[in-house]
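Down below is the structure, laid out as structure tokens.
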Protein chains: 2
Amino acid sequence: MPASVRVLGVDPGLTRCGVGVIDVERRTPTLVHVEVVRSEPDEAIEQRLLRIGRGVEAAIDEHRPDAIALERVFAQANLRSVMGVAQISGIVLRAAAERGIPVAMLTPSEVKAAVTGYGAADKQQVAEMVRRLLRLDAAPKPADAADALAIAIAEGWRTRVPRASTSTPAQQAWAAAEAAARSRR
Amino acid sequence: MPASVRVLGVDPGLTRCGVGVIDVERRTPTLVHVEVVRSEPDEAIEQRLLRIGRGVEAAIDEHRPDAIALERVFAQANLRSVMGVAQISGIVLRAAAERGIPVAMLTPSEVKAAVTGYGAADKQQVAEMVRRLLRLDAAPKPADAADALAIAIAEGWRTRVPRASTSTPAQQAWAAAEAAARSRR
């Protein structure tokens with residue numbers, strides 16, 4: 001196993017598509033790159049897909065990840081938004097296959113459980129854990145950026161590095177943060 | 001307006017993706033090409049999307065259509081199948097935008113109404129009208145191939161050629177076919 005693996009995470013969206021790249025060495029993730037590729041709601045759908053597809057592919061080609069991960073699409077209330085997400089995920093999956101890069105789809109609860117230890121964590125908790133895990137001064141914004149990094153971290157841990165302890169680093173960090181917060185009361 | 005326009009229709013599907021190319025001169029469509037691009041259900045999703053995407057793009061680049069049309073995705077009982085169709089439609093929409101080719105999405109009932117005069121026509125009626133309209137000896141098979149041609153015909157009539165009479169050529173042809181069937185009884 002190489003000492004370090006690079007994972008590119010994608011939070012697929014038609015208006016804001018989060019792209020985050022991390023290196024994972026042992027179980028420690030380090031920020032490489034994060035951005036949000038945007039398209040305008042008043043553009044034609046095919047132009048939006050072209051813009052988002054080109055943006056994600058540019059990040060793949062610049063950072064050359066060992067693996068790509070994206071959030072799995074689920075049925076939601078808004079079918080139109082689900083369709084946009086599915087269309088982008090198709091483009092990203094195909095881009096990965098075209099480059100011979102392994103690609104995985106993770107459910108939102110898998111990602112949340114991996115980084116916060118809690119599958120129903122809210123966006124703020126995820127962003128805060130991403131901040132801690134990557135040793136950043138502030139949580140990446142908007143939420144799509146933090147989510148893309150969370151997906152990359154979850155995938156980096158999930159497939160690349162065997163677990164050494166019964167609790168994940170996220171769980172340990174979260175427990176430490178909770179203990180610190182309690183001690184400040 | 002050019003004397004003839006070429007339309008490529010796509011019936012998006014993960015297992016069988018129909019691709020049909022026609023030329024429309026005045027209101028008469030002529031078959032140029034039809035194929036079904038396939039992928040195997042036991043392949044990884046990203047490999048399936050790559051295979052289908054490459055197949056459709058090869059047809060676009062070989063036949064250089066003036067317009068591309070595909071069936072609009074709707075919610076169906078089988079969410080997984082809808083997702084596959086949406087993923088492929090994203091890839092086709094993006095491929096059209098990348099090549100500067102206008103692309104349209106048509107609902108199934110728009111396509112059926114255009115070619116048979118009846119928005120709730122069944123697959124067999126659509127295939128039979130495609131056969132008549134393109135002056136073929138037999139209806140294209142499988143249904144995905146006939147559907148792709150029906151989508152191309154509907155789009156070719158819809159946007160490219162002004163209507164000259166109150167009934168569509170399909171309605172006229174269907175009426176003639178019905179009259180012929182009645183006269184044979």
Side-chain angles (χ1 to χ4, degrees), chain A residues 8 10 12-14 17 37 39-40 43-58 60 65 67-107 155 159, chain B residues 8 10 12-14 17 37 39-40 43-58 60 65 67-107 155 159:
Chain A
L8 184 146
V10 178
L14 206 46
C17 181
V37 185
S39 80
E40 297 298 323
E43 281 182 299
I45 177 71
E46 63 272 20
Q47 293 300 331
R48 302 182 74 180
L49 294 169
L50 177 59
R51 190 182 298 275
I52 302 273
R54 281 184 173 164
V56 174
E57 289 167 5
I60 295 172
I68 294 173
L70 70 165
E71 202 162 276
R72 189 180 288 278
V73 186
F74 276 102
Q76 294 163 1
N78 184 343
L79 179 72
R80 197 167 158 183
S81 132
V82 172
M83 287 299 147
V85 170
Q87 288 169 332
I88 290 171
S89 79
I91 290 170
V92 174
L93 288 165
R94 180 250 171 93
E98 198 142 46
R99 289 160 176 77
I101 303 172
V103 61
M105 280 184 284
L106 282 68
T107 66
E155 176 63 13
T159 61
Chain B
L8 184 145
V10 178
L14 207 45
C17 181
V37 186
S39 81
E40 296 299 325
E43 280 183 298
I45 176 70
E46 62 271 20
Q47 294 299 331
R48 301 182 75 181
L49 293 170
L50 178 58
R51 191 181 298 275
I52 303 274
R54 282 184 173 164
V56 174
E57 288 167 5
I60 295 172
I68 294 173
L70 69 166
E71 201 162 277
R72 188 181 289 276
V73 186
F74 276 102
Q76 293 163 1
N78 185 343
L79 180 71
R80 197 168 158 180
S81 134
V82 172
M83 288 297 145
V85 171
Q87 288 169 332
I88 290 171
S89 78
I91 290 169
V92 174
L93 287 166
R94 180 249 171 91
E98 199 142 45
R99 289 160 176 78
I101 302 172
V103 60
M105 282 185 282
L106 283 68
T107 66
E155 176 62 13
T159 62

Minimum heavy-atom distance A:R94-B:R54, with the two atoms named: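 Result for this residue pair: NH2-CG, 3.9 Å.
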Proximal component of B:R48, with respect to chain A [non-hydrogen, under 4.5 Å]: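 B:R48 has no heavy atom closer than 4.5 Å to chain A.
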With a 4.5 angstrom heavy-atom cut-off, is it the side chain or the backbone of A:I45 that approaches chain B, or both, or neither?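 The answer is the side chain of A:I45.
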Which atoms of A:R51 approach chain B - backbone, side chain, both or neither, heavy atom under 4.5 Å: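 Neither part; nothing is under 4.5 Å.
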What residue, out of A:L50, A:V103, A:L49, has the most heavy-atom pairs lying under 4.5 Å from chain B?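 The option with the most such pairs is A:L50.
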Any non-hydrogen side-chain atom of A:V56 less than 4.5 Å from a side-chain atom of A:C17?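 Yes, at least one pair of side-chain atoms sits under 4.5 Å.
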If you define the side chain from C-beta out and look only at heavy atoms, does anything of A:E71 sit under 4.5 Å from A:V85?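 Answer no - side chains too far apart.
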Distance-only polar pair, side chains of B:Q47 and B:S39, donor-acceptor under 3.5 Å: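 Side chains of B:Q47 and B:S39: no pair found under 3.5 Å.
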